[in-house]
Amino acid sequence: MTAQSRARSAVNPNRYHESVEPSVGPVASNDPVCLYLETTNRCNLLCTTCPRTYADLEPPADMSWELFTGIVDQVPNIARVVLHGVGEPMLVKALPRMVRYLKARGAYVLFNTNGTALTARKGRELSNTGLDELRVSLDAAEPRAFLRVRGKDYFNRIVRNVRAFTHMQRREGLTRPRVSLWLTGLKETIAQLSDFVRIAHDVGVGEVYLQRLVYFDENAIGLARPDQALFERMNGEEQAHLDAATKLARSLGITFNASGATEPDQSLARNTDKSPWSLCRRPWTVMYFTANGRALPCCIAPFSQHGYENYTLGDATQASLRAIWNGPSYQAFRAALNSDAPPRCCANCGLRWSL
């Protein structure tokens, strides 16, 4: 094993941000350790917490094979690759091929899916690629709440799909991909947390995550609104739901965490730092590319500020990743993040989240 591959394997794929040195400046001294590649911006749901439901963010597209390989080949020692953005990855025909391409380079590969297209055939294809994680965003514990949050009546289909997939894994002794269920933290659904944990146990999933909500500071959309936020706004009844779900998960042997590899209670606690955005290390660790090649600071930016033009940092169809990574736009973005006047998308992310 080479020194580079040893360094890459030492990076915890779920806490990759910790591999960056504490002292950071406008110029990133290291290459990114994680790529977010939006394999498509198409989706078959109309989630009421997603900006693509309400606006055309970019022209509809699947990331071309040429763009995909052109990006990946410029970061040969990438540790972690996430194959999702604002679309549904399992609608992309080339997805298994993309996963295999990345696994051949030793990367840790995962993506979020809504589970609607997790058929037996596609599940088999994914299992054969070496995919490390399959994160299923279910967002509710029963059909009516699912319809309110996700816009279409596919709850029972998704539950059946996930159960069939984990059954296949158990039958054949497969340990990859790790499967988890995700629920966005909303006041609308916090009471369903325990039932959500029970569903995970019933379908054979061993991990449950409470996903944070990020919402626009003005002209909020759908259920991505301030009144749905849990961060620093939990009442006693909602805390009881969280405590009960935590206790139930422990009794069932299910791992229950929040996004960001933290415990749910920790993710909801009041942040006493006056500039919480300064704790973020994504601009020093992550490169995110849309299906059309636009470089964004992270996957959360589209949810925290309207308009890609406000936080576009480059274009992979027009410049090399190295030119983008430490180009003027990225340097200015990092400098602002370390100041008292951060980019607007970062200020909204750091102050207006529920998890």
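Sequence positions, counted from 1, serve as the residue numbers for this chain.
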Practice item. Write down the atom of Leu183, the atom of Ala140, and the distance for their closest heavy-atom approach. Key: CD1-N, 3.9 Å
Show me the side-chain donor-acceptor pairs of residues 154-162 shorter than 3.5 Å, one per line, residues at least two apart or across chains.
unit_1	atom_1	unit_2	atom_2	d
Asn161	ND2	Gly115	O	2.9
Asn161	ND2	Thr116	O	3.3

Practice item. Flag yes if more than 12 heavy atoms outside Lys152 fall under 6.0 Å of its NZ atom; otherwise flag no. Key: yes
Review point. Of all residues at least two apart in sequence or in a different chain, which pass the side chain to side chain contact (heavy atoms under 4.5 Å, CB included) check with Gln169?
Key: Phe165, Thr166, Leu174, Pro177, Val179
Check your understanding: Are any non-hydrogen side-chain atoms of Leu110 and Asp132 less than 4.5 angstrom apart?
Key -> no
Review point. Hey, is the main chain of Thr175 close enough, under 3.5 Å, to the side chain of Arg178 for a donor-acceptor pair?
Key: no
**Study point:** Nearest atoms (heavy-atom pairs only) where Ala145 meets Thr189
**Key:** CB-CG2, 4.4 Å
Exercise for review: Consider only side-chain N and O atoms of Trp182 and Ser180, and report whether a donor and an acceptor are under 3.5 Å apart.
Suggested key: yes
Revision key, fill the gap. From the list Lys103, Arg105, Arg97, side-chain hydrogen bond (donor to acceptor under 3.5 Å, both in side chains) partner of Tyr101 resolves to Arg105
Practice item. Supply the atom-to-atom distance Leu337 CG to Arg282 CZ, rounded to the nearest 0.5 angstrom. Key: 10.5 Å
Exercise for review: Spell out, as yes or no, whether a donor-acceptor pair under 3.5 Å connects the side chain of Trp284 to the backbone of Gly25.
Suggested key: yes
Practice item. Apply side chain to side chain contact (heavy atoms under 4.5 Å, CB included) to Pro60 and list each qualifying residue two or more places apart in sequence or on a separate chain. Key: Asn41
**Study point:** Pair listing, salt bridge (charged side-chain N to carboxylate O under 4.0 Å, His left out) test, anchored in residues 323-340, at least two apart
**Key:** none
Check your understanding: Between Arg150 (side chain) and Asn114 (backbone), is there a donor-acceptor pair under 3.5 Å?
Key -> no
Point to revise | Side-chain heavy-atom pair Thr285, Cys34 within 4.5 angstrom cut-off | key: no
Review point. Looking only at heavy atoms, what is the nearest atom pair of Leu193 and Ala245, with distance?
Key: CB-CB, 3.7 Å
Point to revise | Ala335 backbone acceptor or donor facing Asn338 side chain under 3.5 Å | key: no
Revision key, fill the gap. For residues 32-55, the salt bridge (charged side-chain N to carboxylate O under 4.0 Å, His left out) pairs (sequence neighbours left out) are Arg42-Asp62
Study note, to complete from the structure: Contacts of Arg198 meeting salt bridge (charged side-chain N to carboxylate O under 4.0 Å, His left out) (sequence neighbours excluded), chain-then-number -> Asp195
Check your understanding: Are Leu181 and Ile199 close enough that some pair of their side-chain heavy atoms sits under 4.5 Å apart?
Key -> yes
Exercise for review: Name the orientation class of the two ring planes belonging to Tyr36 and His84 (parallel below 30°, tilted from 30 to 60°, perpendicular beyond 60°).
Suggested key: perpendicular
Check your understanding: Should Leu37 and Met63 count as side-chain neighbours, where that means a heavy-atom distance under 4.5 Å?
Key -> yes
Revision key, fill the gap. Scanning both residues in full, the closest heavy-atom pair of Pro283 with Trp325 reads O-CH2, 3.3 Å
Exercise for review: Following the transitive rule for hydrophobic clusters with a side-chain heavy-atom cut-off under 4.5 Å over Ile, Leu, Val, Met, Phe, Trp and Tyr, establish whether Phe196 and Leu252 coincide in one cluster.
Suggested key: yes
Review point. Does any N or O in the side chain of Tyr108 come within less than 3.5 Å of the main-chain N or O of Glu133, such that one atom is a donor and the other an acceptor?
Key: no
Point to revise | Cluster check Leu35, Trp65: I/L/V/M/F/W/Y, side chain < 4.5 angstrom | key: yes
Point to revise | Non-neighbouring partners of His201 that pass ring-ring contact (aromatic ring centres under 6.0 Å, His included), sequence neighbours left out | key: none
Study note, to complete from the structure: Note: Asn219 and His306 closest approach over all heavy atoms is O-NE2, 3.6 Å
Check your understanding: Which residues satisfy the side chain to side chain donor-acceptor pair (under 3.5 Å) test with Gln192, sequence neighbours excluded?
Key -> Glu142
Study note, to complete from the structure: Sorted by chain and number, sequence neighbours left out, side chain to side chain donor-acceptor pair (under 3.5 Å) with Arg163 holds for Asp202
**Study point:** Beyond-backbone contact of Pro51 with Ile221, side-chain heavy atoms, under 4.5 angstrom
**Key:** yes
Review point. Any side-chain donor-acceptor pair under 3.5 Å between Tyr215 and Gln228?
Key: no
**Study point:** Greater than 12 external heavy atoms within 6.0 Å of Asn235's CG
**Key:** yes
Practice item. Kindly say whether Leu213 contributes a backbone atom to a donor-acceptor pair with the side chain of Thr184 at under 3.5 angstrom? Key: no
**Study point:** Pair listing, salt bridge (charged side-chain N to carboxylate O under 4.0 Å, His left out) test, anchored in residues 304-325, at least two apart
**Key:** Asp31-Arg322
Review point. With side chains defined as the heavy atoms from C-beta onward, is the minimum distance between Gln331 and Val27 less than 4.5 Å?
Key: yes
**Study point:** Atom pair OG1 (Thr49) and CG (Asp139), whose distance is rounded to the nearest 0.5 Å
**Key:** 6.0 Å
Review point. Would Val205 end up clustered with Met168 when hydrophobic side chains under 4.5 Å apart are linked, directly or stepwise?
Key: yes
Revision key, fill the gap. On a heavy-atom basis, the closest approach of Val286 and Tyr330 is O-OH, 3.4 Å
Would you tabulate the side-chain donor-acceptor contacts of residues 290-303 under 3.5 Å, counting partners in other chains and residues two or more places apart, or write 'none'?
unit_1	atom_1	unit_2	atom_2	d
Thr290	OG1	Glu58	OE1	2.8
Thr290	OG1	Glu58	OE2	3.3
Thr290	OG1	Asn292	N	3.3
Thr290	OG1	Gly293	N	3.4
Thr290	OG1	Arg294	N	3.1
Asn292	ND2	Glu58	OE1	3.2
Asn292	ND2	Pro59	O	3.2
Arg294	NE	Glu58	OE2	2.9
Arg294	NH1	Thr312	OG1	2.9

Review point. Taking the side chain as C-beta and beyond, is there a heavy-atom pair between Leu83 and Val109 under 4.5 Å?
Key: yes
Review point. Where the side chain of Thr129 meets the backbone of Pro96, is there a donor-acceptor pair that is under 3.5 Å apart?
Key: no
Exercise for review: Inspect the surroundings of CZ in Arg171 and state if more than 12 heavy atoms from other residues, nucleotides or ligands are less than 6.0 Å away.
Suggested key: yes
Exercise for review: Any pair with a residue in residues 115-125 that passes salt bridge (charged side-chain N to carboxylate O under 4.0 Å, His left out), sequence neighbours left out, goes on the list, sorted by first then second residue, please.
Suggested key: Arg121-Glu125, Arg124-Glu172
Check your understanding: Is the side chain of Thr317 donor-acceptor paired with the backbone N or O of Leu67 at a distance under 3.5 Å, no angle test?
Key -> no
Review point. Are the side chain of Ser304 and the backbone of Cys345 linked by a donor-acceptor contact shorter than 3.5 Å?
Key: yes
Point to revise | Short side-chain donor-acceptor distance under 3.5 Å, Gln211 and Tyr209 | key: no
Exercise for review: Among Thr113, Asn112, Thr40, Thr39, find the one that has a side-chain hydrogen bond (donor to acceptor under 3.5 Å, both in side chains) with Glu88.
Suggested key: Thr113
**Study point:** Any Asp153 side-chain heavy atom under 4.5 Å of Pro143 side chain
**Key:** yes
